[in-house]
A.B. asks: 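I am attaching a structure below and will ask some questions about it afterwards.
Counting starts at 1 for both ligands and their atoms, in listed order. Residue numbers run from 1 in the order of the sequence given. Here the structure is a predicted model, which is why all the values come from computation and not from measurement. The basis for the numbers below is simple: all heavy atoms, side chains too, and nothing from hydrogens, waters or symmetry mates.
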Amino acid sequence: MNLRFLSAGESHGPQLTAVVDGLPAGLPLSVDDVNPWLKKRQGGYGRGRRMAIEADQIIFAAGVRGGRTTGAPLALIIENRDWQNWTEIMDPAAGNWPRRKALTTPRPGHADLSGGVKYGHKDLRDVLERASARETAMRVAVGAIAHKLLGELGVESISYVPMLGGVESGVAFSWELRERIENSPLRMTDPAAEARAITAIDAAKAAGDTLGGLLETRFRGLIPGLGSYVQYDRKLDGRIAQMALSIPAVKGVEIGEAFAAAAKPGSEVHDAIYRSEERGWYRRSNRAGGLEGGMTNGEELVVRAALKPIATLMRPLPSVDVVSHQMADAARERSDVTAVPAASVILEALTAIVLADAYLEKFGGDTLAELRERVAAYRERVREY
Ligand code: EPS
């Protein structure tokens with residue numbers, strides 16, 4: 001891995017922290033490259049009261065000087081405003097049992113039970129604080145930086161919601177709809193579907209229920225040949241799928257038209273190859289979603305993921321108390337009704353990390369200038385191939 005990072009931080013602890021290693025020196029970088037992503041991730045109709053408390057801002061604590069990366073590891077911080085209300089409960093010093101706000105009734109579909117069994121916690125807050133999707137704020141910050149690097153290499157991206165709570169968008173994606181998507185409370189292409197999905201979210205909220213959906217991200221301007229077919233762990237589709245499935249509540253990933261293609265003959269699935277002086281190598285269809293043989297093929301990358309409904313239900317499912325072993329309703333925590341629009345932004349950001357890593361793997365480069373030269377030379381070779 002060329003672009004490496006680790007994050008730490010609890011949902012109601014003082015802050016989220018990350019160390020990012022492997023970025024070239026000379027990448028222009030300011031908080032304005034990251035904060036709009038954090039804001040987008042916080043948005044979307046159907047989010048809970050927590051998002052009214054937070055206003056996520058990135059702090060560069062190392063690795064950036066004078067608006068540029070230095071080549072040293074980046075240290076990133078996002079403070080949790082809500083921590084002010086949790087200082088006693090989250091205090092690292094030894095405390096009394098039972099703790100205030102201890103959680104002992106695991107939520108079906110959440111990490112609570114398996115995490116408690118695994119780490120021996122009876123206050124399941126010790127599990128949920130880290131299992132919380134709050135953690136994705138920091139990964140989106142890392143993704144925003146990866147996206148900035150990709151932008152320098154001529155790559156652009158988008159994310160949107162093709163379906164929420166069973167309400168499908170009736171308007172096919174196109175890049176011209178970018179502004180509509182960015183201004184939509186659900187990141188949907190279709191205003192009519194959006195209105196119906198908002199009604200569905202309101203109904204789910206009234207019923208104490210939650211909704212899932214589909215997320216899609218696209219990247220264009222990619223070179224062919226990122227990733228490799230030669231070894232299983234170098235295949236880019238596998239690397240993207242791993243990253244996508246690491247988003248809390250994502251349970252399925254699709255590249256291109258994979259699930260529909262499974263029912264069709266090969267002649268209707270594969271994308272015929274063309275070449276012209278003007279366009280170089282190209283396809284007239286992109287059912288493969290930009291990946292063949294574990295490598296980019298130069299067409300648009302299309303990644304879709306399925307997000308299950310959030311596990312915290314205000315009208316909870318049956319569960320068993322881990323202390324008393326009596327049947328009890330699953331825990332109710334303040335939560336979102338749906339986070340599908342936010343998850344689409346997360347999918348886009350995390351895919352950007354995989355792609356930035358793949359560029360650095362193929363081209364190396366200690367400086368952005370070096371990296372750009374090498375990418376430009378390769379593009380020339382691809383044209384002539
Ligand atoms: C989450 C529960 C909610 C969400 C949170 C994820 O937080 P709280 O328990 O503080 O109300 O708002 O998401 C975020 C904090 C975030 O930044 O996305 C959970 O249990 O996963």
Side-chain angles (χ1 to χ4, degrees), residues 7-18 34-58 76-90 100-103 105-116 121 123-144 159 187 201 204-205 208-212 215 246-251 307-314 316-317 319 330-350:
S7 82
E10 277 78 38
S11 182
H12 304 100
Q15 65 182 50
L16 305 171
T17 313
V34 178
N35 287 338
W37 281 80
L38 299 181
K39 189 161 185 215
K40 269 198 286 187
R41 194 206 65 93
Q42 283 200 268
Y45 190 81
R47 300 218 68 186
R49 277 173 294 125
R50 174 73 186 272
M51 288 303 104
I53 299 173
E54 303 297 340
D56 293 340
Q57 306 276 317
I58 194 69
L76 306 178
I77 293 167
I78 299 171
E79 291 174 345
N80 291 323
R81 285 195 178 179
D82 202 19
W83 177 65
Q84 306 295 342
N85 307 316
W86 292 75
T87 48
E88 186 203 325
I89 296 160
M90 297 304 292
R100 211 153 62 75
K101 290 243 193 197
L103 194 145
T105 49
R107 291 160 293 174
H110 212 284
D112 301 344
L113 180 58
S114 302
H121 297 310
D123 176 2
L124 301 177
R125 178 161 300 287
D126 284 332
V127 176
L128 79 89
E129 281 293 334
R130 181 59 184 162
S132 164
R134 177 73 188 145
E135 160 274 333
T136 61
M138 182 50 87
R139 286 200 288 163
V140 166
V142 177
S159 57
R187 301 187 68 76
I201 292 168
K205 184 172 185 179
D209 219 328
T210 57
L211 296 176
L215 340 161
S246 77
I247 301 169
V250 164
K251 292 289 128 189
L307 190 84
K308 69 179 181 179
I310 285 169
T312 307
L313 305 181
M314 292 307 145
L317 292 170
S319 182
R332 254 172 293 213
E333 284 262 311
R334 175 185 64 187
S335 187
D336 308 320
V337 176
T338 190
V340 179
S344 75
V345 175
I346 300 167
L347 180 68
E348 180 182 358
L350 297 191

A.B. asks: Roughly how far apart are D336 CG and T210 OG1, rounded to 0.5 Å?
C.D. replies: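 One gets 10.0 Å once the value is rounded to the nearest 0.5 Å.
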
A.B. asks: Just wondering, are more than 12 heavy atoms of other shown residues or ligands nearer than 6.0 Å to CZ in R334?
C.D. replies: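 Yes, CZ of R334 has more than 12 neighbouring heavy atoms, counting only those of other groups under 6.0 Å.
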
A.B. asks: Is the shortest side-chain N to carboxylate O distance from D56 to R134 below 4.0 Å?
C.D. replies: yes

A.B. asks: So, taking the atom named CD1 in I89 and the one named CD in E129, what distance separates them when rounded to the nearest 0.5 Å?
C.D. replies: 9.0 Å

A.B. asks: Is there a donor in the side chain of R50 and an acceptor in the side chain of S11, or the other way round, less than 3.5 Å apart?
C.D. replies: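 Their side chains do contain a donor-acceptor pair, which is all the 3.5 Å distance test asks for.
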
A.B. asks: Between the protein and ligand 1, are there any N or O atom pairs that come within less than 3.5 Å of each other, and if so, what are their names and distances?
C.D. replies:
{"from": "ligand 1", "atom 1": "9 (O)", "to": "R334", "atom 2": "O", "distance (Å)": "3.4"}
{"from": "ligand 1", "atom 1": "10 (O)", "to": "H12", "atom 2": "NE2", "distance (Å)": "2.6"}
{"from": "ligand 1", "atom 1": "10 (O)", "to": "R50", "atom 2": "NH1", "distance (Å)": "2.7"}
{"from": "ligand 1", "atom 1": "10 (O)", "to": "R334", "atom 2": "NH2", "distance (Å)": "2.8"}
{"from": "ligand 1", "atom 1": "11 (O)", "to": "R334", "atom 2": "O", "distance (Å)": "3.2"}
{"from": "ligand 1", "atom 1": "11 (O)", "to": "R334", "atom 2": "NE", "distance (Å)": "2.6"}
{"from": "ligand 1", "atom 1": "11 (O)", "to": "R334", "atom 2": "NH2", "distance (Å)": "3.3"}
{"from": "ligand 1", "atom 1": "17 (O)", "to": "R41", "atom 2": "NH2", "distance (Å)": "2.6"}
{"from": "ligand 1", "atom 1": "17 (O)", "to": "R134", "atom 2": "NH1", "distance (Å)": "2.8"}
{"from": "ligand 1", "atom 1": "18 (O)", "to": "R41", "atom 2": "NH1", "distance (Å)": "2.9"}
{"from": "ligand 1", "atom 1": "18 (O)", "to": "R41", "atom 2": "NH2", "distance (Å)": "3.2"}
{"from": "ligand 1", "atom 1": "18 (O)", "to": "R47", "atom 2": "NH2", "distance (Å)": "2.9"}
{"from": "ligand 1", "atom 1": "21 (O)", "to": "S132", "atom 2": "OG", "distance (Å)": "3.4"}
{"from": "ligand 1", "atom 1": "21 (O)", "to": "A133", "atom 2": "N", "distance (Å)": "3.1"}

A.B. asks: Taking E135 for the side chain and R130 for the main chain, is one N or O donor matched with an acceptor at less than 3.5 Å?
C.D. replies: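 A pair under 3.5 Å: no.
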
